[in-house]
There are 2 protein chains.
Amino acid sequence: MNMNHSDDRRDQMDNETSDLSKARLRAWLQILKVSRKIEGELREKMRIEFGSTLPRFDVLAALYRERDGMRMSELSKSLMVSNGNVTGIVDRLVGEGMLVRVPVENDRRASIVRLTEAGEKDFAERALVHEGWVSELFSDLSASDADGLIRILRTISHHNEAPHD
Amino acid sequence: MNMNHSDDRRDQMDNETSDLSKARLRAWLQILKVSRKIEGELREKMRIEFGSTLPRFDVLAALYRERDGMRMSELSKSLMVSNGNVTGIVDRLVGEGMLVRVPVENDRRASIVRLTEAGEKDFAERALVHEGWVSELFSDLSASDADGLIRILRTISHHNEAPHD
DNA sequence: CATAAATATTTTGAGTTTGAAATATCTGTG
DNA sequence: CACAGATATTTCAAACTCAAAATATTTATG
């Protein structure tokens, strides 16, 4: 009966802080837990089976989807890592003969990175094995739960989308 | 009509590879995408608001839940990172006056790491702000979707639990 | 056309991360 | 008690990661 505006707001905050907010925090911590666990498993398998690493696999995967190659900036945006980071990974993959840097016509600042023939062939094989690993690690995930998971995660991604370009 | 055993198996594999297996791979990629995006946001906020980092926050959080302190090995197991990693993070947090290393009675190999009074106070404040950030980043996540997400992710965690110790 | 601003990439320095090796200590077996 | 193996932690080298600074080039503006 004696509630004023600040009481209202405080009560609302308290509820949010102790219930929904906590549930979201738990959800985030669970996402973190699963992604760390799975990344750890995949990293070890990559190392043992392919003598390679996850970041390299990610770069190869991005370039396998874009057979005409990508610019460094496109690559770093697509992988959500910094430009400087991609430089190092690509350097190593070039050293391994998986990638080549191709100069861009009419823009000498930029270069296109693309898979070599060997890189394409190697990655195609690795991708199949990788998919098998993931399916195994997620073998308790039914088709409907997979769909549910994707739907829920998309609502989160969309909210945190890069401000409209 | 003319199917033999190997045909059966191949068809089954093909179905799994092209359907359930692909759905699970998509689910994994979506987990990865969300966790990278959210980690990036939180990293930036940590840096700007607290002049600190996520790994340090994670260590403080683990020790805030265990006020009597933890051993280095417990800490690294709890955070799912390597021993050597924790050593460096703890070194820096000790340097900042947030943590202390306390020798363990009867075992001179080990030491217990725990929050200092200042560390406890600082972290308590940061944790509240952090929870607010997460709730904001997850603001499109309803209570029931948060619960659904947690349930599904738990089925994945449990499958990949450390082999019973 | 000069040149300021924008863009693409690399370099740099600090921090994080791993896996393996090294160090120190403890425990169990003879 | 000796000492082999187990355990706890640190050290190490290589890789990854970021944010900021530096470099090179292009574009737009006066």
Side-chain angles (χ1 to χ4, degrees), chain A residues 32 35-60 69-96 99 101-113 165, chain B residues 32 35-60 69-96 99 101-113 165:
Chain A
L32 216 44
S35 66
R36 280 191 192 177
K37 178 76 76 177
I38 301 297
E39 278 203 88
E41 300 283 351
L42 292 177
R43 173 184 304 112
E44 186 181 7
K45 289 176 191 296
M46 285 278 168
R47 180 174 53 82
I48 293 172
E49 297 292 322
F50 302 147
S52 192
T53 67
L54 283 176
R56 290 177 207 189
F57 185 86
D58 290 345
V59 165
L60 296 176
M70 300 171 81
R71 292 177 175 218
M72 296 298 286
S73 45
E74 292 176 314
L75 211 37
S76 71
K77 185 175 178 183
S78 145
L79 301 174
M80 292 189 289
V81 301
S82 66
N83 275 340
N85 185 0
V86 174
T87 297
I89 313 279
V90 167
D91 284 349
R92 287 178 200 99
L93 286 169
V94 168
E96 292 173 9
L99 304 184
R101 280 187 169 93
V102 183
V104 172
E105 201 79 349
N106 300 327
D107 191 345
R108 284 178 298 174
R109 295 168 305 181
S111 60
I112 295 279
V113 184
D165 9 275
Chain B
L32 215 44
S35 66
R36 279 190 193 179
K37 178 76 76 175
I38 301 296
E39 278 203 89
E41 299 283 352
L42 292 177
R43 182 193 348 275
E44 186 182 7
K45 290 175 190 296
M46 286 277 169
R47 181 175 52 82
I48 292 172
E49 297 292 323
F50 302 147
S52 192
T53 66
L54 282 175
R56 289 176 207 191
F57 185 85
D58 290 345
V59 165
L60 295 176
M70 300 171 80
R71 291 178 175 219
M72 295 298 287
S73 46
E74 292 176 314
L75 211 36
S76 70
K77 185 174 178 184
S78 146
L79 301 174
M80 293 189 287
V81 300
S82 66
N83 275 341
N85 185 0
V86 175
T87 297
I89 312 281
V90 167
D91 284 349
R92 290 184 194 94
L93 286 169
V94 168
E96 292 173 8
L99 304 184
R101 280 186 168 93
V102 182
V104 172
E105 202 77 349
N106 300 327
D107 191 345
R108 283 177 301 174
R109 294 168 305 180
S111 60
I112 295 279
V113 184
D165 2 277

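By convention in this document, chain letters (A, B, ...) are assigned in the order of the sequence lines, proteins followed by strands, and residues within each chain are numbered from 1. Keep in mind the model is a prediction, meaning the values are calculated, not measured. Note that these values count all heavy atoms, side chains included, but never hydrogens, waters or copies made by symmetry.
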Participant: Of the non-hydrogen atoms in A:Ser76 and A:Asn83, which two are nearest, and what is the gap between them?
Facilitator: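 For A:Ser76 and A:Asn83, the tightest heavy-atom pair comes out as OG-OD1, 2.7 Å.
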
Participant: In whole angstroms, how far is the P atom of D:dT9 from the CG atom of B:Leu99?
Facilitator: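 Atom-to-atom, B:Leu99 to D:dT9, this comes out as 14 Å.
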
Participant: Which residue is it: A:Val90, A:Val86, A:Val59? I am looking for the one with a side-chain contact (heavy atoms from CB on, under 4.5 Å) to A:Val113.
Facilitator: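 With A:Val113 as partner, A:Val90, A:Val86, A:Val59 yield a single side-chain contact (heavy atoms from CB on, under 4.5 Å), made by A:Val90.
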
Participant: To the nearest 0.5 Å, what is the distance between CZ on A:Arg56 and CG on A:Leu99?
Facilitator: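 Interatomic distance, A:Arg56 CZ to A:Leu99 CG, rounded to 0.5 Å: 10.5 Å.
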
Participant: Do the side-chain N or O atoms of B:Ser73 get closer than 4.0 angstrom to the phosphate oxygens (OP1, OP2) of D:dT7?
Facilitator: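 No, B:Ser73 has no side-chain N/O under 4.0 Å of OP1/OP2 on D:dT7.
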
Participant: Rounded to the Å, how far apart are A:Leu75 CG and C:dT10 C1'?
Facilitator: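 Rounded to whole Å, this separation is 15 Å.
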
Participant: Before giving the answer on side-chain contact (heavy atoms from CB on, under 4.5 Å), spell out for B:Met72 and B:Arg101 the whole-Å C-alpha distance, their side-chain angles and the decisive distance to 0.1 Å.
Facilitator: CA-CA 10 Å; B:Met72 295 298 287; B:Arg101 280 186 168 93; 4.0 Å; yes

Participant: Using OP1 and OP2 only, check whether a side-chain N or O of B:Thr87 sits under 4.0 Å from D:dT9.
Facilitator: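 Result: no.
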
Participant: End-to-end bend of the helix from C:dC1-D:dG30 to C:dG30-D:dC1 (five-pair axes, 10° rounding)?
Facilitator: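 Taking the rotation axis at each end, their angle is 0°.
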
Participant: Remember a base hit wins even if backbone is also touched, and classify B:Arg92 as base, sugar-phosphate or nothing at under 4.0 Å, heavy atoms.
Facilitator: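 Base contact - B:Arg92 has a heavy atom under 4.0 Å of at least one base atom.
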
Participant: Can you check the A:Phe57 CZ to D:dC16 C1' distance for me, whole Å?
Facilitator: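 Rounded to the whole Å, the gap is 18 Å.
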
Participant: Assign each of B:Ser111 and A:Ile89 to its nearest nucleotide of DNA chain D by heavy atoms, then name whichever residue's nucleotide is nearer the 5' end.
Facilitator: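 The residue closer to the strand's 5' end, by nearest nucleotide, is B:Ser111.
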
Participant: Can you tell me if the side-chain N/O atoms of B:Arg56 get under 4.0 Å from OP1 or OP2 in C:dT16?
Facilitator: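 Answer is yes, contact under 4.0 Å.
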
Participant: Once you round it to whole Å, what is the distance between P of C:dT18 and NZ of A:Lys37?
Facilitator: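 So the NZ-P distance, A:Lys37 to C:dT18, works out to 13 Å.
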
Participant: Of all the heavy-atom pairs spanning B:Leu79 and B:Asp58, show the shortest one and how long it is.
Facilitator: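 Reported closest heavy-atom pair: CD2-O, 3.7 Å.
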
Participant: Could you tell me the separation between the CG atom of B:Leu93 and the OG1 atom of B:Thr53, rounded to the nearest 0.5 Å?
Facilitator: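 Spacing of CG (B:Leu93) from OG1 (B:Thr53) equals 7.5 Å.
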
Participant: Let me know the distance between CD1 of A:Ile48 and P of C:dG19, rounded to the nearest Å.
Facilitator: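 For the pair A:Ile48 CD1 and C:dG19 P, the rounded distance is 9 Å.
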
Participant: Pick the closest DNA chain C nucleotide for A:Met70 and for B:Leu54 by heavy atoms, then say which residue is nearer the 5' end.
Facilitator: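 Upstream on the strand: A:Met70.
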
Participant: Take nucleotides 18-26 of chain D nucleotide by nucleotide from the 5' end and write B, S or -, depending on whether a protein heavy atom sits under 4.0 Å from the base, only from the sugar-phosphate, or from neither.
Facilitator: BSS---BBS

Participant: On a heavy-atom basis, which atom in A:Ile89 and which in A:Pro55 lie closest, and how many Å separate them?
Facilitator: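 Answer, listing the atom of A:Ile89 first, then A:Pro55: CD1-CB, 3.7 Å.
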
Participant: Could you tell me how far apart B:Met72 (CE) and D:dT10 (C1') are, to the nearest whole angstrom?
Facilitator: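 Between C1' of D:dT10 and CE of B:Met72: 9 Å.
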
Participant: Would you check, one step at a time, whether the test side-chain contact (heavy atoms from CB on, under 4.5 Å) holds for A:Glu44 with A:Arg47?
Facilitator: CA-CA 5 Å; A:Glu44 186 181 7; A:Arg47 180 174 53 82; 3.5 Å; yes

Participant: Just to be sure I understand the rule, does B:Arg101 reach a base, reach only the sugar-phosphate, or reach nothing, if contact means heavy atoms closer than 4.0 Å?
Facilitator: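 Sugar-phosphate contact only - B:Arg101 comes under 4.0 Å of backbone atoms but never of a base.
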
Participant: Could you measure the distance from the CD atom of B:Glu96 to the CG atom of B:Asp91? Nearest 0.5 Å is fine.
Facilitator: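 With rounding to 0.5 Å, CD (B:Glu96) is 11.5 Å from CG (B:Asp91).
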
Participant: Please state how far atom CG in A:Asp91 lies from atom P in C:dT11, giving the value in whole angstrom units.
Facilitator: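 In whole Å, C:dT11 P and A:Asp91 CG are 7 Å from each other.
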
